[in-house]
Number of protein chains: 2
Amino acid sequence: MRDLLFGSSRYGELLNSGEGIPTNILSQRLKHLEQAGIVERQDSTQPRSRYDYRLSEAGLKLAPAVRALAEWGHSEIAGTRPLPLQARRRK
Amino acid sequence: MRDLLFGSSRYGELLNSGEGIPTNILSQRLKHLEQAGIVERQDSTQPRSRYDYRLSEAGLKLAPAVRALAEWGHSEIAGTRPLPLQARRRK
DNA sequence: CGGTATCCACATTGATACTG
DNA sequence: CAGTATCAATGTGGATACCG
């Protein structure tokens, strides 16, 4: 969710966003989030990409919570990074 | 954490706060949270109580995140209740 | 009152290999 | 590129009984 909020929309981007998440876990999470109505998957318009993942309306509403958690982490847990100031614009 | 934020400070209160949480889980979570520096336990000054649990400084800083999550739940998930407007004052 | 001790079920993560 | 399949390890939650 954090990565979807801040620019990633392709599977490969999520996979290499620094988490080191395995492919099966990522795919499982995306599936769960999609079933929960938080993430939407659509065919990609981009050249080398097949799908675009984006947050649904309900998912976008979680942005403040994600941000609050990230800020807490950054202030209380060493080695965690702050979030970008703005969610990246949709293309 | 939610219950600690909104008035509960005794084990029994947390146990009967509507979650239906078993004693072993509650105690385990309190232990974890204490080790994580989010919750503090101290001897109670109250008559029939032995301990008081309260959020540490770091724990209190999670309040906005807890609130944001609760608000999301209340707006998106049927049957979840909103949070009180204010955290209850310390006695 | 505030916990432990068991025991079990299920969820979650992860590494790794493979596929259309 | 975007996944699935497999297997093992660990985490998490829950019911229930018991304890000082």
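These values consider heavy atoms only, across backbone and side chains, with no hydrogens, waters or symmetry-generated copies. Within every chain, numbering begins at 1; the chains are lettered A, B, ... in the order of the sequence lines, protein sequences first and strands thereafter.
Here chain B contacts DNA chain D (any atom closer than 4.0 Å to a heavy atom, that is under 4.0 Å), and the contacts span D/dG13 to D/dG20 from 5' to 3'.
C/dG2 atom C1' lies 9 Å from atom CG of B/Leu15, rounded to whole Å. Atom C1' of nucleotide C/dC1 and atom CG of B/Asn16 are separated by 12 Å, given to the nearest angstrom. The CG-P distance, from B/Leu30 to C/dC1, rounds to 16 Å in whole Å.
Here salt bridge (charged side-chain N to carboxylate O under 4.0 Å, His left out) pairs that include residues 38-47 of chain B, with residues two or more places apart or in two chains, are B/Glu40-B/Arg54. Residue pairs meeting the side chain to side chain donor-acceptor pair (under 3.5 Å) criterion with at least one member in residues 68-85 of chain A, sequence neighbours excluded, are A/Glu76-B/Lys61.
Between the CE atom in B/Met1 and the CZ atom in B/Phe6 there is a gap of 9.5 Å [rounded to 0.5 Å]. Rounding to the nearest 0.5 Å places OG of B/Ser27 at 5.0 Å from OH of B/Tyr11.
Under the rule for a side chain to side chain contact (heavy atoms under 4.5 Å, CB included), the partners of A/Ala65 that lie at least two apart in sequence or sit in another chain are A/Leu62, B/Ala68, B/Leu69. Applying the side-chain hydrogen bond (donor to acceptor under 3.5 Å, both in side chains) test to A/Lys31 and every residue at least two apart in sequence or in another chain returns nothing.
Residue B/Arg50 is in base contact, counting any heavy-atom pair closer than 4.0 Å across all strands shown.
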Please write out the pairs of protein N or O atoms and N or O atoms of nucleotides 11-18 of chain C separated by less than 3.5 Å, giving the distance to one decimal.
from	atom 1	to	atom 2	distance (Å)
C/dT13	OP1	A/Arg29	NH2	3.0
C/dA15	N6	A/Asn24	ND2	2.1

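Side-chain atoms of B/Ser8 do not come within 3.5 Å of backbone N or O of B/Arg10 as any donor-acceptor pair.
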Check residues 17-26 of chain A and write down every donor-acceptor pair under 3.5 Å in which the side-chain atom is one partner and the other belongs to a residue at least two apart or another chain.
from	atom 1	to	atom 2	distance (Å)
A/Ser17	OG	A/Asp3	OD2	2.6
A/Ser17	OG	A/Leu14	O	3.0
A/Glu19	OE2	A/Arg2	NH1	3.4
A/Glu19	OE2	A/Arg2	NH2	3.1

